Peer 1: 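One structure coming up, written as structure tokens, with questions to follow.
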Amino acid sequence: MTKVLIACDHGGVDLKKQLAGDLASWEYEVVDLGVNDHSSVNYPDYALKLGRGVVAGEGELGVLVCGTGIGMSIAVNKVPGVRGALVSDEYSARMARQHNNANVVCLGGRVLGPDTARAILKAFLDAEFEGDRHQRRLDLISAAESRG
Ligand code: RB5
């Protein structure tokens, strides 16, 4: 069973709850890193926790939701080894896996409707990395990451 980490801030909590349920109904093992209410929190805390978890192998993939998805994507990409993609359409969700081997998807809870978000997440999960020339490009990113 593929394990997926999921987290959000107060701007993404409603969508995160829905997507956690969707993931479970698609038979993914879901690890929910919070939050679960609308109290104001700082999105980097959740992005960094989830990103470190994905890199440590606590889950194969991660899903982050904040108001726009932007803050989560900026923060999670500070974790070496994370390839976080901010996505708002199905095509980009597929490409994020096929070409970029994204291991975290970031979504906007105040941007996406529930059905669109569900379809985006499904497209992301169902796509597979194509390797080859795309790996060469990712290697350039990893090298830059190692250099700092
Ligand atoms: C919180 O109000 C909001 O700033 C946050 O959820 C997110 O959209 C940041 O990028």
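Here the structure is a predicted model, which means the values were calculated and not measured. As the structure lists them, so they are numbered: ligands from 1, and atoms in each ligand from 1.
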Peer 1: Hey, is Asp126 close enough to Lys122 for a salt bridge, meaning N to O under 4.0 Å?
Peer 2: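 Between Lys122 and Asp126 there is a salt bridge, with a charged N closer than 4.0 Å to a carboxylate O.
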Peer 1: State the atoms of ligand 1, each with its element, that fall below the 4.0 Å cut-off from a heavy-atom position in His10.
Peer 2: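 Those qualifying, in numeric order: 1 (C), 2 (O).
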Peer 1: Judged by modelled atom types alone, do Asp89 and Ser92 share a side-chain donor-acceptor pair under 3.5 Å?
Peer 2: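 There is such a pair (donor and acceptor under 3.5 Å, judged by atom type) between the side chains of Asp89 and Ser92.
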Peer 1: Of the protein's non-hydrogen atoms, which lies at the shortest distance from atom 10 (O) of ligand 1, and what is that distance?
Peer 2: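 Of every protein heavy atom, Gly71 N, 2.9 Å lies nearest to atom 10 (O) of ligand 1.
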Peer 1: Write out the residue and atom name of the closest protein heavy atom to atom 3 (C) of ligand 1, then the distance separating them to 0.1 Å.
Peer 2: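 Looking at atom 3 (C) of ligand 1, the protein heavy atom closest to it is Arg110 NH1, 3.9 Å.
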Peer 1: Taking only heavy atoms of Tyr43 into account, list the atoms of ligand 1 that are under 4.0 Å away from them.
Peer 2: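 Answer, ordered by atom number: 9 (C).
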Peer 1: Which ligand 1 atoms does Gly67 reach within 4.0 Å, using its non-hydrogen atoms?
Peer 2: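 Once the distances to Gly67 are compared, the set is 5 (C), 6 (O), 7 (C), 8 (O).
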Peer 1: What residue and atom, counting heavy atoms only, is the protein's closest point to atom 5 (C) of ligand 1, and at what distance?
Peer 2: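 For atom 5 (C) of ligand 1, the nearest protein heavy atom comes out as Asp9 OD2, 3.1 Å.
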Peer 1: Taking atom types as modelled, find out whether Asp14 and Gln18 have a side-chain donor-acceptor pair closer than 3.5 angstrom.
Peer 2: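 Result is no, nothing qualifies.
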Peer 1: Tell me the protein heavy atom at minimum distance from atom 8 (O) of ligand 1, and give that distance in Å.
Peer 2: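 Residue, atom and distance for the closest contact: Thr68 N, 3.0 Å.
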Peer 1: Apply side chain to side chain contact (heavy atoms under 4.5 Å, CB included) to residues Val79 and Val54 and explain how you reach the verdict.
Peer 2: CA-CA 10 Å; Val79 179; Val54 168; over 6 Å; no
Peer 1: Taking only Lys NZ, Arg NE, NH1 and NH2, and the carboxylate oxygens of Asp or Glu, determine whether Asp115 and Arg118 approach each other closer than 4.0 Å.
Peer 2: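 Looking at Arg118 together with Asp115, the answer is yes, because their closest N to O distance falls below 4.0 Å.
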Peer 1: Does any donor atom in the side chain of Asp37 or His10 lie under 3.5 Å from an acceptor atom in the other side chain?
Peer 2: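 The answer is no; no qualifying pair exists.
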